[in-house]
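To keep things clear, I will list the structure first and then write my remarks on it.
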Amino acid sequence: MSQNPIAETIASLMPRAKQELTELVAFQSVADWAQFPRSESEGAANWVADALRAEGFQNVSLLDTPDGTQSVYGFLPGPEGAPTVLLYAHYDVQPPLDDAAWVSPAFELTERDGRWYGRGAADCKGGFIMHLLALRALKANGGVPVSVKVIVEGSEEQGTGGLQQYAEAHPELLTADTIVIGDAGNFRLGLPTVTATLRGMTLIKVKIDTLGGNLHSGMFGGVAPDALAALIRLLDSLRAADGSTTVDGLASDAVWEGLQYPEADFRADARVLDGVELIGEGTIADRLWARPAVTVLGIDCPPVVGATPSVHASAGALISLRVPPGVDTAEAIKLLEAHLVAHTPWQARLELEVVGQGQPFQADTSSPAYASMAAAMQVAYPGQEMQVAGMGGSIPLCNTLTTLYPEAEMLLIGLSEPEAQIHAVNESVSPEELERLSVAEALFLVNYAQSKRG
């Protein structure tokens, strides 16, 4: 990286950043009190709030959101007449999954092979550290040229919508000229990228009942309707033979026109086993960024260990449907529910419960904020031009903010490049990526302030 004062300052701050990320990763801040203590999330929220206060933020608050979690807010005033930029991250994390599969403890930041490992290191505690680094570098080099609002969410990974509901009830709180969501990532390590589209999502619980209780499979099997078999047939109806998602009435033939994702790269990133086919048809980018995708997240049924020879009376599942840009999530939910009703076999009793949802997102890439970020990324990543990609995941807050502040420009950047393996075991962050993106964000704020001055 060619050095400039901001880049030099951030380079000097990296040891402090590692220590702070170590402290923040140590909080087991999974926003599911059935799995982890509420006190762990509250500890992380207070850590974030203290960090903002230490940087001179005003009105630092722990916002009690309707889903029972806390988001952290702070405001840093800039020069008179300067634009306001909202910086977003989240401190909650996914569960570690299989503790035994982690090479080092999930909640203990560990350096290995040039990367920092730990749950939340990239998604998205590292995103908050990125914001701090950018602001500190600006303060050390003439001051922050914009007014800054920071919001750090406490339940993004749960999809329960607490911050969205809070923002809708307090629309004045997060008003801004532009919004930087620090919860995305570069398409490839070292390739500066902004994310222009996100799929929306819904979570639906499915329960099937067929009998008043389990029955002996020898005495009743073959005639008595098996709820688990009914569930398997129902779930199978959601995919074509090639694995494509098939929800009656939901289009699945959209085409992605931008940056493409080579199949060999995807296979490596997804760790697809040798000889195993990919599912669906169309380009990888079509399937990942422009089309719906259904996933069975879990099934309620007896485990193999301890199973008895029974015809099952009840079975359940949790289904996720990713909704592509251009499709309304509410309409997709109606289609999915109608599909499930129509494809439930044997007139089994079906119960459906929507437990989470969010709209897809599409940014305006022609906005001045994108030009400011492109120029910043060229400096932070010498010889590279900013790329525009989609992301198959969902950030429901984006659409809430777009609805509340339709004039605000929005950019999505972050640390979740493929090698980060977010949501999986052994999640990690590249310190070089953290450093470069912090430089890019700082330079973006300078460029954006200048663009607004004309």
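What you see is a predicted model; the values in this text were computed from it and never measured. All values below come from the heavy atoms of this structure, side chains included, with hydrogens, waters and symmetry mates left out.
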- Message: Using the rule side chain to side chain contact (heavy atoms under 4.5 Å, CB included), only one of V379, L133, L443 pairs with I6; which is it?
- Response: L443
Just by modelled atom types, is the [Y] backbone N or O under 3.5 Å from a matching donor or acceptor in the [X] side chain?
X    : Y    : value
R199 : L288 : yes
D300 : G316 : no
H339 : D248 : yes
T110 : E108 : yes
E351 : K207 : no
T178 : E409 : yes
H90  : D92  : yes
W256 : D286 : no
R287 : G282 : yes
R119 : L109 : no

Minimum heavy-atom separation for [X] and [Y], please, with both atom names.
X    : Y    : answer
A229 : W346 : CB-CH2, 3.9 Å
G120 : E427 : N-OE1, 3.1 Å
G190 : Y381 : O-CD2, 3.4 Å
W116 : A121 : O-CB, 3.8 Å
V388 : L259 : O-CB, 3.6 Å
V93  : K125 : CG1-CE, 3.7 Å

Looking at residues at least two apart in the chain, or sitting in another chain, which of them share a side-chain hydrogen bond (donor to acceptor under 3.5 Å, both in side chains) with [X]?
X    : value
T65  : D67, T69
R322 : S394
T402 : none

- Task: For I319 and L297, run side chain to side chain contact (heavy atoms under 4.5 Å, CB included): C-alpha distance rounded to whole Å, both residues' side-chain angles, the deciding distance at 0.1 Å, then the answer.
- Result: CA-CA 6 Å; I319 298 171; L297 303 182; over 6 Å; no
Quick one: do the [X] and [Y] side chains pair a donor with an acceptor below 3.5 Å?
X    : Y    : value
T9   : R136 : no
E153 : Y91  : no
Q357 : T202 : no
E432 : S430 : yes
N186 : E433 : yes
Y370 : D364 : no

- Tell me, which pairs form a salt bridge (charged side-chain N to carboxylate O under 4.0 Å, His left out) where one or both residues lie in residues 23-41, sequence neighbours left out? none
Taking atom [atom1] as the centre, does [X] end up with more than 12 heavy-atom neighbours from other residues, nucleotides or ligands that are less than 6.0 angstrom away?
X    : atom1 : value
E407 : CD    : no
R112 : CZ    : yes
R239 : CZ    : yes

Between atom [atom1] of [X] and atom [atom2] of [Y], what is the distance when rounded to the nearest 0.5 Å?
X    : Y    : atom1 : atom2 : result
D209 : S314 : CG    : OG    : 3.5 Å
C124 : H131 : SG    : NE2   : 6.5 Å
W47  : S29  : CH2   : OG    : 11.5 Å
M130 : D183 : CE    : CG    : 9.5 Å
L231 : D226 : CG    : CG    : 10.0 Å
E257 : Q260 : CD    : CD    : 8.5 Å

Side chains of [X] and [Y]: does their closest heavy-atom pair fall under 4.5 Å?
X    : Y    : result
V72  : L63  : no
D269 : R188 : yes
L352 : L340 : yes
L412 : F361 : yes
Y88  : F128 : no
V323 : M201 : no
I181 : L87  : no
T329 : L321 : no

- Message: Under the criterion side chain to side chain contact (heavy atoms under 4.5 Å, CB included), I'd like the reasoning laid out for K18 against E111: C-alpha separation, chi angles, the key distance, then a yes or no.
- Response: CA-CA 10 Å; K18 183 182 181 184; E111 184 169 1; 2.6 Å; yes
- Task: Could I get the full list of salt bridge (Lys or Arg N to Asp or Glu O under 4.0 Å) partners for E168, not counting sequence neighbours?
- Result: none
- May I have the step-by-step check of side chain to side chain contact (heavy atoms under 4.5 Å, CB included) for V194 and M373, ending in yes or no? CA-CA 9 Å; V194 291; M373 182 61 79; 4.0 Å; yes
- What residues, two or more places apart in sequence or in another chain, satisfy ring pair (Phe, Tyr, Trp, His ring centres under 6.0 Å) together with Y261? F187, F266
- Item | Step-by-step salt bridge (charged side-chain N to carboxylate O under 4.0 Å, His left out) determination, E417 to R115 | CA-CA 12 Å; E417 39 77 27; R115 297 183 68 93; 2.7 Å; yes
- Given the rule in the side chain to side chain contact (heavy atoms under 4.5 Å, CB included) test, do L404 and L174 qualify, once you have shown the distances and angles that lead to the verdict? CA-CA 9 Å; L404 290 175; L174 302 181; over 6 Å; no
